[in-house]
Amino acid sequence: MSHLIILPVLLPLLTGVLLLLLPRKRRLLIHTVSLASAALLMVFTVQLLLRANGIGYEVYALGNWAPPFGIVLVLDKLSALMLALTSTLAFFSLLYTAAETGQRSGQTLHALSHFLLLGVNGAFLTGDIFNLFVFFEILLLSSYSLLLQGGGPARAKAGLHYVVLNLAGSGMFLIAVAILYGLTGTLNLADMAQRVTQVSAADAPLVAAAAVLLLLVFGLKGAVMPLYFWLPRAYASATAPVAALFAIMTKVGVYAIIRVYSLVFGDEAGELAGVALPWLWPLALLTIVFSVIGVLAARELRIQIAYLVIVSVGTLLAGVALNSEAALSATLYYLLHSTWICAALFLLADQIVRQRGSSEDRIASGPALRQGILLGSLFLVAAVSIVGLPPLSGFIGKILLLQAATGTQAVWLWSIILVASLAVLTALSRSGSTIFWRTTSETLDNAPAAGRFCLTAIFGLLALGVALVIFGDTVLEYTGALAQQIMQPQGYIDAVLGHTVKELPHE
Amino acid sequence: MLIEIIVSVAVLIGASFALIGSIGLVRLPDFYLRLHGPAKATTLGVGGVLIGSMIYFSASEQSVSLHELLVAMFLFITAPVSAHIVAKAALHIRLPCIERTKGKPWQSGES
Amino acid sequence: MSNPRPSHLAQPLRSKRLWLPHKALSIYMWLLWLLLVNEISAGHVLLGGFLAWLIPYLTQSFWPEEMVLRKPGVAGRFILLVLWDIVVANAILAVRILGPTRKLQPAFIEVPLDIKQDFAITLLASTISLTPGTVSADLSEDRSALLVHVLHVDDADTTVSAMKARYEAPLKEIFEC
Amino acid sequence: PATSLALLLSYLPRIFAGETVYFHQPWLTLLGMDLSLRLDGLSFMFALLITGIGLLVVLYARYYLSKNDSLGRLYALLQVFMMAMLGIVMSDNILLMVVFWELTSLSSFLLISYWSGKTEARKGARMALTVTGAGGLALLAGALVIGNIVGSYNFGDILAAGDLIRAHDLYPLALALILLGAFTKSAQFPFHFWLPHAMSAPTPVSAYLHSATMVKAGVFLLARMYPALAGTDLWFYSVSSVGLATLVYAAYTAMFKHDLKGLLAFSTISHLGLITLLFGLNSPLAAVAAIFHIINHATFKASLFMAAGAIDHETGTRDMLRINGMWKYMPITATVAMVAAAAMAGVPLLNGFLSKEMFFAETLGLEAAPQITWLVPILATLAGVFAVAYSYRFIHDVFFNGEPVDLPKFPPHEPPLYMIVPMAILVILCVLVGIWPNVTVAPFLHAASLAVLGSSLPEYKIALWHGINLPLLMSFIALAGGLLLYYQRKGLFAFYERRFRSDEKIVFEARVQRSVRISQSITKRLENGSLQRYFGLFVAAAVIGVGVELWPLASFTGPLAASSVDFISVLAALVLIVSAIGTVLLHHNRFAALLLLSVVGLVVALIFVRFSAPDLALTQLSVEIVTIVLLMLALYFLPQITPNESNPLRVGRDVVLAGAAGSGIGLMAWAVLTRPYDTIADYYLANSVSGGGGTNVVNVILVDFRGFDTLGEITVLLIAAVAIYAMIYKLQLPLANADGTGRVWSTDPYPPILMVLARILFPLALMVSFYVFLRGHNLPGGGFIAGLITSVALILQYVASGNGWVQQRLNWNYRSVAAGGVLLATVTGLASWLFGYPLLTSTFTYLNWPVVGKFEIASAMAFDTGVYITVVGATLVILSNLGKLAQTTYADALPVTSPAKPEEAT
Amino acid sequence: MEALIAIVIAVMSSCGIYLMLRGRTFPVIVGLTLFSYAVNVFIFVMGRLHTDAPAVIAEGASYADPLPQALVLTAIVISFAMTAFLLVLALRARAELGNDHVDGHDAEDVKSP
Amino acid sequence: MLTTAVVIAMGMVGIAIALNLLRLVIGPSLPDRILALDTMYVNAIALLILFGIYQGADVYFEAALLIAVMGFVGTVALSKYLLRGDIIE
Ligand code: NA
Ligand code: NA
């Protein structure tokens with residue numbers, strides 16, 4: 001049997017543990033192990049992507065217990081795509097980490113990053129809702145700690161808010177899972193999807209309450225109005241590679257929403273079909289509106305980028321709420337784009353901060369940058385992408401989404417997205433021109449030039465965004481097939497519940 | 001039947017002592033006095049209950065059940081030390097005792 | 001604030017001994033195991049024996065000195081005495097707790113100590129706490145005296161000498177002669 | 001550009017033959033956007049303008065820029081721009097055109113801000129980007145609407161579907177959006193204001209982008225979409241009125257600009273208005289005239305910009321109040337500029353005259369809305385008057401009008417030859433076209449008009465002399481009136497200064513600033529940095545969400561009968577409720593709250609016992625103590641008292657919120673508890689012994705059925721250990737040397753009696769934990785609980801004897817221990833791979849040894865050992881490091897000379 | 001009995017959430033602990049209430065639902081790890097921010113208790 | 001009869017626990033509260049053992065043992081906090 005599907009979980013776990021066991025002083029070794037593992041992870045996930053592109057589903061029954069009794073990992077097009085996205089992001093972020101940690105070994109940082117990957121990958125793969133909770137906790141705890149890397153009051157405060165809110169969120173998650181179990185008697189998502197169809201009308205509101213509670217929890221992770229307020233400070237205060245890595249975190253929330261509400265509460269869920277949609281749609285639009293206001297309001301570049309992350313979340317969820325194949329396909333395209341580009345922006349902002357000395361990333365006049373042209377050009381590319389100007393990925397994603405909307409939804413989505421684009425354009429042109437052009441004097445003497453590996457990381461992420469344009473058709477073909485798979489959850493259900501395990505010798 | 005009676009008596013006596021210890025805890029006028037109830041009565045009370053349990057399970061399962069002894073032993077070892085350390089803390093923060101108390105506690109840190 | 005140099009840090013670390021570093025402890029452990037599993041089978045007797053070796057071996061550095069019971073007979077009698085006193089103590093206590101509290105005459109009394117070993121002092125202090133109307137509240141830092149709170153006292157000196165005779169003496173006999 | 005030009009010219013014959021050349025490369029097919037290009041007459045004409053003028057501008061710029069400026073950057077950007085511009089005119093797909101459209105906005109942004117050090121340049125660039133970007137977005141929306149109507153984004157399909165589009169409900173929307181795109185790009189009123197401010201760009205850029213090409217993209221769009229959108233009243237009114245307003249207003253304003261380039265900019269706007277107006281007239285001839293004027297305007301305006309640049313270059317200023325009498329210093333430039341200006345004014349024998357004539361003629365031929373159409377020719381003539389006036393001013397005020405006034409550079413010279421050559425070429429073209437239109441421009445115009453108007457191309461004739469008619473009269477009125485006006489300029493200037501001082505840039509900047517400020521205040525209100533606010537919102541959202549969903553629920557009480565209540569349970573519940581509420585009421589006294597919290601924990605454990613969950617009880621008890629110890633370790637560094645800082649209103653609000661949330665949770669518990677369910681749990685009960693080899697089903701679930709969860713759970717512990725270790729590293733905290741009441745701490749850190757007892761208990765606890773571990777698979781217990789017992793036993797040693805003492809005896813790296821535990825558990829799980837089973841597949845067997853008897857060994861036990869080790873390691877990392885915290889801060893807090901460093905264990 | 005449990009859960013969650021809404025780190029942590037107790041009991045009772053039926057396989061006995069119990073065990077461990085982390089974070093915040101307010105600033109209207 | 005006796009005993013222990021809580025809530029001093037909590041732990045052991053007899057099952061024995069261990073450690077830690085502030089030093 002193939003164990004490939006478990007490797008995205010196993011590899012980061014073992015790497016994290018191994019990194020902790022290595023002697024702290026072996027700096028180079030630690031970096032090498034960490035990067036090699038990230039590279040290997042990329043290989044595995046790409047392989048999984050290819051495999052998912054070919055087959056429908058693949059199920060891995062942990063402990064050889066047949067679903068729904070044991071925990072299963074399920075590979076489908078969605079999980080494969082998310083895995084590949086994560087691994088690329090992780091590789092470049094770790095590359096940046098390795099380049100930037102300098103004399104410090106970064107042992108903890110690397111280990112925690114791999115644990116974060118463990119959590120994220122696990123969340124993407126698992127087919128069990130409680131196991132999803134466990135992986136959420138793994139990724140959250142790692143992220144708490146990663147966020148605090150480097151110390152300082154801003155991080156401490158942001159961290160405190162982030163942690164407390166998410167701990168409360170975890171509590172709510174458990175309550176929701178418990179209610180679902182208490183009424184359906186199962187934890188396996190596929191099984192639950194089947195049992196939810198049989199929930200009586202009298203009990204349906206209870207399940208719906210649990211579903212909304214779950215939505216709230218995922219919304220907290222994904223940073224939806226009114227639950228995103230913790231995010232800007234948190235992301236802005238994180239160190240660059242961490243912030244870059246965090247670009248995937250909100251997407252985990254989005255993923256969970258897609259997965260749970262299409263599979264368990266999808267169109268076939270009887271009384272409970274589409275239970276999340278009436279909430280999701282307005283919240284997504286409000287998220288866009290208020291986060292764009294945040295983008296305009298930002299006084300610091302990193303805060304602005306953080307708000308851009310939220311804008312992208314709002315856009316994605318709006319796409320999810322459209323609840324159609326075309327919209328979902330567009331959403332996933334946009335998800336790839338926004339994750340890579342936001343990550344690149346965070347890395348870039350870090351280099352800007354380094355070269356601006358005490359002006360840091362304030363959107364106000366400051367010293368000229370040592371590599372103004374280079375960084376400026378990179379910023380331009382990233383900004384063009386994220387604003388959604390042609391010819392880069394954001395534009396395509398945006399068009400796809402706009403095309404997917406119909407009826408009244410189209411009116412709302414079009415006006416909000418287009419006005420939002422304009423506002424973001426205004427804001428980014430303001431911050432970009434201020435930071436790169438409104439410079440007071442000479443460059444700072446001690447401003448460090450961006451290192452080779454740092455630039456590689458930024459280049460790499462932007463290049464992935466560009467690749468999304470060049471190979472647009474291929475990507476869209478995949479996301480289209482993916483959307484089809486997601487909108488027809490019966491395939492998933494059959495694959496999981498029909499999975500048979502190998503006979504054990506002692507039985 | 002005899003065993004039932006023995007067990008009943010044991011648990012009732014035990015429970016009574018536990019209750020008395022707790023009554024002492026509420027009723028006595030200062031901390032140092034209240035300390036006596038839990039340190040002795042409650043411990044013994046639980047001891048009584050444990051003996052009851054020991055007899056009961058030995059009888060009902062037709063084999064000697066002695067592991068309750070372990071709990072009892074543990075309690076008898078730890079209860080006085082608990083009392084001691086709490087009292088030490090009370091002395092340290094100079095918790096007042098009722099006026100008619102003879103003798104004076106050491107000042108904290110004195111020997 | 002000054003922090004006194006804790007004397008216990010100066011205790012020498014004994015080199016590890018493989019074979020039964022604490023024989024008394026080992027016996028105690030073995031019995032404990034059988035108590036815990038609540039059954040006497042060949043398997044558990046052997047397993048208990050193994051643990052009786054393993055745990056003392058692992059924890060030997062936590063035991064500063066080897067305890068030697070000099071007079072098992074005295075020790076046995078002492079235990080019985082204490083158990084009896086506990087029962088009596090509680091009967092008296094019950095009466096005092098339930099009776100009128102205004103008649104109580106509490107007191108702090110100081111019991112000078114003859115025994116010096118920490119272990120023995122601990123035993124004495126515990127015994128005092130478990131027995132009639134007394135709780136050992138504090139030990140002087142030089143370990144020369146025990147501060148005891150008495151629930152009801154008629155004559156402090158008598159109480160002190162009674163305690164010393166009844167409990168300290170046998171303990172001294174058991175551990176130090 | 002030369003290459004492009006050459007390449008382009010090679011298509012000349014085919015285009016003149018009315019052919020359309022296509023290029024097609026599938027790209028984003030799923031998006032409806034392919035990389036498909038078309039080269040028809042219209043695009044060919046534009047492409048020729050773009051490449052031709054581009055070539056000249058490149059030549060000019062080479063000598064225009066100073067040595068400090070990066071020529072490479074300018075060329076690169078110009079190249080990008082040219083490519084994008086060609087893309088616009090040659091796209092065969094409307095979405096693709098939008099792509100190039102936005103690219104021109106972007107490159108224009110970068111070109112305007114070429115001298116990025118200047119505030120003017122940055123602001124001008126940003127304004128241009130915002131306005132044209134907004135237009136681009138509107139255009140995008142329009143394109144999508146069109147695509148929606150037609151079902152294709154291909155121009156071929158769109159242009160053929162004009163009737164369909166015009167009849168569609170969405171036509172007004174599509175039209176509005178597309179016109180918005182065109183008008184912003186071509187600086188039509190009221191979106192014109194960005195163009196004058198774009199003049200902070202280097203002059204070659206202004207010449208190229210902001211007169212000859214980019215601003216023409218808007219009118220190009222009108223031309224391109226003409227077959228699809230034009231011909232309706234809506235089109236007529238919207239396009240022509242905007243064009244007319246722009247024409248007049250901009251021509252009027254141009255007269256008063258003292259800045260050379262400002263004058264030219266408004267003139268450009270005005271001419272664009274003229275072209276727009278022509279397109280708006282819904283007449284085929286007007287469209288031809290529009291196309292003709294596009295060509296003419298590009299030639300004379302580009303050369304004028306170049307002249308202005310040359311003057312700026314030589315004098316160091318563009319202020320016409322200072323620049324006078326240049327005829328003396330640079331006669332060649334003067335000659336060239338004067339000819340171009342004359343073309344701009346519409347002087348006969350020059351190209352401007354021809355298209356203007358056609359324009360005047362068209363304004364007269366209006367058929368629609370007769371009650372207002374008489375106004376059009378009048379306004380057109382008026383605009384002509386203004387145009388002559390500003391053109392004449394450009395000539396007179398710059399080249400004559402006395403002596404220059406303190407120029408930054410004096411005396412000015414003729415510019416380098418290669419700056420003159422491009423100007424000259426353009427001016428020669430003006431003359432050639434003006435005199436022999438049929439030889440020079442006619443084929444291009446024909447091809448282009450064919451592309452716009454299709455087969456319905458009207459009969460038209462370009463000629464210098466049509467005889468004396470109304471248009472000619474209008475031309476002469478304009479010429480004479482313009483000269484007259486110029487000589488009356490003093491009074492006019494004064495009038496203008498009094499009336500029109502509104503600067504759109506200031507308005508625009510103020511608007512942007514205001515929206516930023518409003519955003520900031522909204523954001524500050526929402527994201528006020530208060531966790532209480534955020535958390536309150538979270539709870540409120542949950543209450544509302546759940547409340548709304550629960551609303552339809554008929555009854556919380558389900559069909560199952562409730563079980564009976566007993567006295568002890570009620571008592572225990574009361575104890576729990578009292579202590580929970582007590583925790584809240586006493587929470588200002590933190591230590592007391594902690595004690596009450598312990599009671600809650602204890603009763604929770606009793607609840608677990610009461611309802612048949614011994615494993616849970618054990619775990620709850622051990623975790624609770626460790627938690628309490630942790631809380632105390634932390635409390636040491638925190639204030640002992642919580643200040644009373646919530647006002648009654650907030651307390652009330654929080655009570656309501658918390659009460660609602662809690663009641664909701666309680667109600668849902670009640671609802672579920674009284675409903676039946678059908679669970680998968682029976683499978684575990686049935687297979688625990690046969691499949692998992694253990695009778696304690698809970699434990700078998702943990703280490704086997706759902707061992708993956710447990711692996712995750714111990715990883716969480718490990719991460720917590722690592723994270724906490726990292727956080728404590730170098731943590732400096734103010735240390736209280738006295739308790740909350742100010743009493744100095746006891747001097748006796750390690751009470752001997754406690755120390756003795758702790759040591760006695762240690763082996764005992766180890767024994768118990770081994771026992772609990774071993775039986776876990778079959779009876780309540782297991783690795784986790786055993787690990788906690790071991791940890792607690794060690795904690796007791798730390799408490800009783802101190803960090804130093806324990807470290808002397810047990811110098812482990814707990815972090816590695818924890819990592820090792822996870823490793824062991826994982827590797828155990830991996831072992832199943834060897835036998836071809838998935839991760840974490842367990843196995844067990846029964847051995848029968850002599851004497852010992854029958855017993856079970858299970859791989860799950862190795863897994864559980866991993867759990868045990870992780871728990872011990874993680875718990876101790878956390879606790880011992882928190883313990884050490886005070887040591888390090890304590891040592892640091894003391895003066896260096898202090899002898900008191902007692903616990904530096906050697 | 002179900003009602004009693006529901007009330008207990010309601011009270012614990014209310015108290016926990018109320019404390020989490022306070023402005024200082026320590027009460028927040030205490031509240032979080034209280035809330036996690038409530039959550040644990042909540043999950044636990046989703047297996048319904050069973051008296052004298054521990055899920056330990058024996059002859060002819062009835063059993064409680066073992067699955068929620070296993071979930072609670074996992075949840076307890078995780079919430080323990082989280083609480084520990086938050087606690088140390090509170091210390092860290094105290095060190096970095098100079099006070100123990102969750103927002104890092106002492107409220108202006110502090111009244112002494 | 002045994003059942004009655006055990007139920008009565010449980011009632012008595014339950015009341016004892018309630019009394020402990022009373023002392024815990026009213027204090028007034030912290031040592032009083034610690035003492036009350038410690039006593040409550042011990043009483044809880046009694047309650048558990050009684051419950052075991054009542055149910056005729058001895059699976060609750062370990063819980064009792066654990067309460068004994070944990071109660072003691074808790075009391076020690078709490079008292080040491082009052083004494084030294086720093087419980088692990
Ligand atoms: Na400490
Ligand atoms: Na907990």
Side-chain angles (χ1 to χ4, degrees), chain D residues 529-532 562-563 565 573 576-577 580 584 587-588 590 593 597 604 611-614 616 619 623 627 630 634 637-639 641-645 654 658-659 661-663 665-666 669-670 673 681 684-685 688-689 695-698 701-702 709 713 716-717 720 723-724 727 731-733 878, chain E residues 1-4 6-15 17-21 23-24 26-27 30 33 37 41-42 45-46 48-50 53-57 63-67 69-70 72-74 76-78 80-81 83-85 87-88 91-92 94-95 100 102-103 107 109-111 113:
Chain D
S530 157
L531 175 63
Q532 286 164 286
S563 53
V565 183
L576 186 143
I577 290 168
V584 170
H587 83 267
H588 294 290
R590 294 179 172 183
L597 182 68
V604 167
F611 299 109
S612 318
L616 290 192
T619 312
V623 165
T627 309
L630 264 172
F637 300 99
L638 296 171
I641 301 287
T642 303
N644 209 345
E645 55 196 355
D654 291 351
S663 321
I665 296 172
W670 162 252
L673 276 172
Y684 303 121
L685 294 167
S688 177
V689 177
T695 53
N696 180 6
V697 187
V698 176
I701 292 177
L702 280 178
D709 275 348
E713 158 200 327
V716 168
L717 269 183
I724 288 172
M727 257 196 294
L731 181 57
Q732 295 274 331
L733 277 162
I878 298 166
Chain E
M1 204 60 105
E2 282 76 7
L4 198 63
I7 292 169
V8 162
I9 291 172
V11 171
M12 278 198 289
S13 348
S14 300
C15 293
I17 292 172
Y18 178 81
L19 285 177
M20 288 171 79
L21 282 164
R24 302 279 164 171
F26 197 79
V30 170
T33 312
Y37 287 167
V41 175
F42 188 95
V45 300
M46 287 301 114
R48 310 303 190 267
L49 303 181
H50 301 265
V56 176
I57 303 298
Y63 305 108
D65 183 342
L67 190 52
Q69 297 192 19
V72 174
L73 280 178
T74 306
I76 290 180
V77 179
I78 288 178
F80 163 65
T83 309
F85 180 85
L87 208 55
V88 180
L91 294 186
R92 178 103 224 169
R94 164 100 170 89
D100 70 332
V102 287
D103 302 331
D109 55 339
V110 178
K111 287 166 253 155

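Side chains included, hydrogens not; waters and symmetry mates left out as well; all remaining heavy atoms used. We name chains A, B, ... by the order of the sequence lines, and we start the count at 1 in each one.
Of the two parts of E:L19, only the side chain, counted from C-beta on, holds a non-hydrogen atom closer than 4.5 Å to a non-hydrogen atom of chain D. Heavy atoms of D:L576 lying under 4.5 Å from chain E belong exclusively to its side chain. Heavy-atom distances place the side chain of D:V689, and not its backbone, under 4.5 Å from chain E. Proximity to chain D involves both the backbone and the side chain of E:L21, based on heavy atoms less than 4.5 angstrom apart. Both the backbone and the side chain of D:L616 come within contact range of chain E, judged by heavy atoms closer than 4.5 Å.
Note that the CZ atom of D:F637 and the CG atom of E:D100 stand 14.0 Å from one another [nearest 0.5 Å]. We find the NE2-OH distance between D:H587 and E:Y18 to be 6.0 Å, quoted to the nearest 0.5 Å. A distance of 12.0 Å separates CG in D:D654 from CE in E:M20, rounded to the nearest 0.5 Å. Atom CD in D:Q532 sits 6.0 Å away from atom CG in E:D103 (nearest 0.5 Å).
Nearest approach of E:S13 to D:G662, heavy atoms of both residues: CB-CA, 3.9 Å. Contact record, D:I665 with E:F42: O-CE1, 3.3 Å, taken as the closest heavy-atom pair.
Counting only heavy atoms from C-beta outward, the side chains of E:F80 and D:L717 approach each other to under 4.5 Å. Using a 4.5 Å cut-off on side-chain heavy atoms (C-beta onward), D:V716 and E:V77 make no contact. Here the side chains of E:T74 and D:L702 are in contact, with some heavy-atom distance below 4.5 Å. Considering only heavy atoms from C-beta on, E:R48 stays 4.5 Å or farther from D:F611 through its side chain. Inter-residue side-chain proximity for E:I7 and D:I577 is flagged as met; some heavy-atom pair is nearer than 4.5 Å.
Counting heavy-atom pairs closer than 4.5 Å to chain D, the top residue among E:I57, E:D65, E:I78, E:I17 is E:I57. Chosen from D:L597, D:D709, D:I878, D:V565, the residue pairing most often with chain E at heavy-atom distances under 4.5 Å is D:L597. If you tally non-hydrogen atom pairs under 4.5 Å between each of D:P614, D:A681, D:A634 and chain E, the highest count goes to D:A634. By number of non-hydrogen pairs under 4.5 angstrom with chain D, the leading residue of E:A55, E:G23, E:P27 is E:A55. Contact count against chain E (heavy-atom pairs under 4.5 Å) is highest for D:A613 among D:A613, D:A720, D:S663. Chosen from E:A64, E:A95, E:C15, the residue pairing most often with chain D at heavy-atom distances under 4.5 Å is E:C15. Ranked by heavy-atom pairs under 4.5 Å with chain D, the first of E:A6, E:A81, E:P66 is E:P66. Comparing E:I9, E:V30, E:V45 by how many heavy-atom pairs each has under 4.5 Å with chain D, the most go to E:V45.
The side-chain hydrogen bond (donor to acceptor under 3.5 Å, both in side chains) check on E:R92 picks up E:E96, with sequence neighbours excluded. Under the rule for a side-chain hydrogen bond (donor to acceptor under 3.5 Å, both in side chains), D:S530 has no partner lying at least two apart in sequence or in another chain.
Using a distance-only test at 3.5 Å, with no hydrogens or angles considered, no donor-acceptor pair links the side chain of E:R24 to the main chain of D:P643. The backbone N or O of D:L673 lies less than 3.5 Å from no partner atom in the side chain of E:E2, so there is not a single donor-acceptor pair. Side-chain N or O atoms of D:S612 include one that pairs as donor or acceptor with a backbone N or O of E:H50 at under 3.5 Å.
A side chain to side chain contact (heavy atoms under 4.5 Å, CB included) with E:Q69 is found for exactly one of D:I701, D:V697, D:V698, namely D:V698.
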